[in-house]
Amino acid sequence: MRDEIDLVVPVKTLDRAKTRLTSATGGDPVSHAALALALALDTVSAAIATPGVRRVVTITSDPAVASEMAALGVESLPEPVEPGLNAALKHGARTLRSSRIGALQADLPALRPDELQAALEASAGRRAFVPDRQGTGTTLLLAAPGGELDPRFGVGSAGHHRVSGAVALIGAWPSLRCDVDTEEDLRLALMLGLGTHTANALPAWTT
């Protein structure tokens with residue numbers, strides 16, 4: 001049974017998402033929106049295929065994102081009035097009221113379910129986080145069972161989560177640590193193996 005953890009995945013409206021990746025699609029806003037959506041779809045698809053994940057819910061106010069997530073069988077909640085990523089995650093955690101909650105970034109297009117599962121198991125019931133490949137950001141934050149998520153995303157989030165008492169999880173999980181903000185990140189994700197949605201959004205990169 002997939003009863004261990006519920007994951008909240010925040011997804012910006014597509015016109016605001018991944019602005020540093022506009023060059024990857026030649027500056028075309030339609031192609032850029034398609035890429036931003038594809039990143040999130042591949043991330044969520046991997047998460048729902050992970051045995052230790054019971055449920056995935058996205059936090060988004062973009063109807064296109066919500067529609068595509070619904071096609072995957074994933075519920076979406078609108079963003080709260082209070083702006084910001086941490087406010088969105090707290091809103092999701094309060095709404096779900098799960099026995100154990102986690103926050104997963106939406107820009108992990110190479111994510112493999114076995115790597116996400118390994119990180120969940122490595123947390124061993126502790127409040128924990130997975131730093132990004134640079135070691136400064138956070139791709140996954142897990143609350144302890146029955147505990148608060150207490151998200152502290154933003155610049156230097158890995159350090160903020162560590163100071164707040166979360167345990168850093170360092171493992172051989174390159175796909176879980178490869179969040180995509182720039183073209184360089186995207187090329188590294190391509191080397192790891194892009195998910196189907198992102199590969200289809202970048203035909204010139206994958207042929």
According to side-chain hydrogen bond (donor to acceptor under 3.5 Å, both in side chains), who are the partners of Asp6, at least two apart in sequence or on a separate chain? Arg54, Ser98
With sequence neighbours excluded, tell me which residues meet salt bridge (Lys or Arg N to Asp or Glu O under 4.0 Å) with Arg162. none
What pairs of residues pass the ring pair (Phe, Tyr, Trp, His ring centres under 6.0 Å) test when at least one of them lies in residues 113-142, not counting sequence neighbours? Phe129-His161
Under 3.5 Å, side chain of Arg127 to main-chain N/O of Ser123, donor-acceptor pair present? no
Pairs touching residues 29-47 that satisfy side chain to side chain donor-acceptor pair (under 3.5 Å), sequence neighbours left out: Asp28-Ser31, Asp42-His197, Asp42-Thr198
For Glu75, all residues meeting salt bridge (Lys or Arg N to Asp or Glu O under 4.0 Å), sequence neighbours excluded: Arg55
With sequence neighbours left out, write down each residue that passes side-chain hydrogen bond (donor to acceptor under 3.5 Å, both in side chains) with Asp179, or none if nothing qualifies. none
Could I get the full list of salt bridge (Lys or Arg N to Asp or Glu O under 4.0 Å) partners for Arg100, not counting sequence neighbours? none
Residues at least two apart in sequence or cross-chain that pass side chain to side chain contact (heavy atoms under 4.5 Å, CB included) with His160, listed by chain then number, are Arg152
Under the side chain to side chain contact (heavy atoms under 4.5 Å, CB included) test, residues paired with Pro29 that sit two or more places apart: none
Pairing residues for Ser76 by the side chain to side chain contact (heavy atoms under 4.5 Å, CB included) criterion, not counting sequence neighbours: Thr58, Thr60, Ala66, Met69
Would you say Thr138 and Asp132 make side-chain contact, with heavy atoms under 4.5 Å? no
Residue pairs passing the side chain to side chain donor-acceptor pair (under 3.5 Å) test where at least one lies in residues 79-92, sequence neighbours excluded: Arg16-Glu79, Ser61-Glu79
Just to verify, what does Ala46 make a side chain to side chain contact (heavy atoms under 4.5 Å, CB included) with, not counting sequence neighbours? Leu111, Pro113
Can you tell me if Glu115 and Ser175 form a side-chain donor-acceptor pair at under 3.5 Å? yes
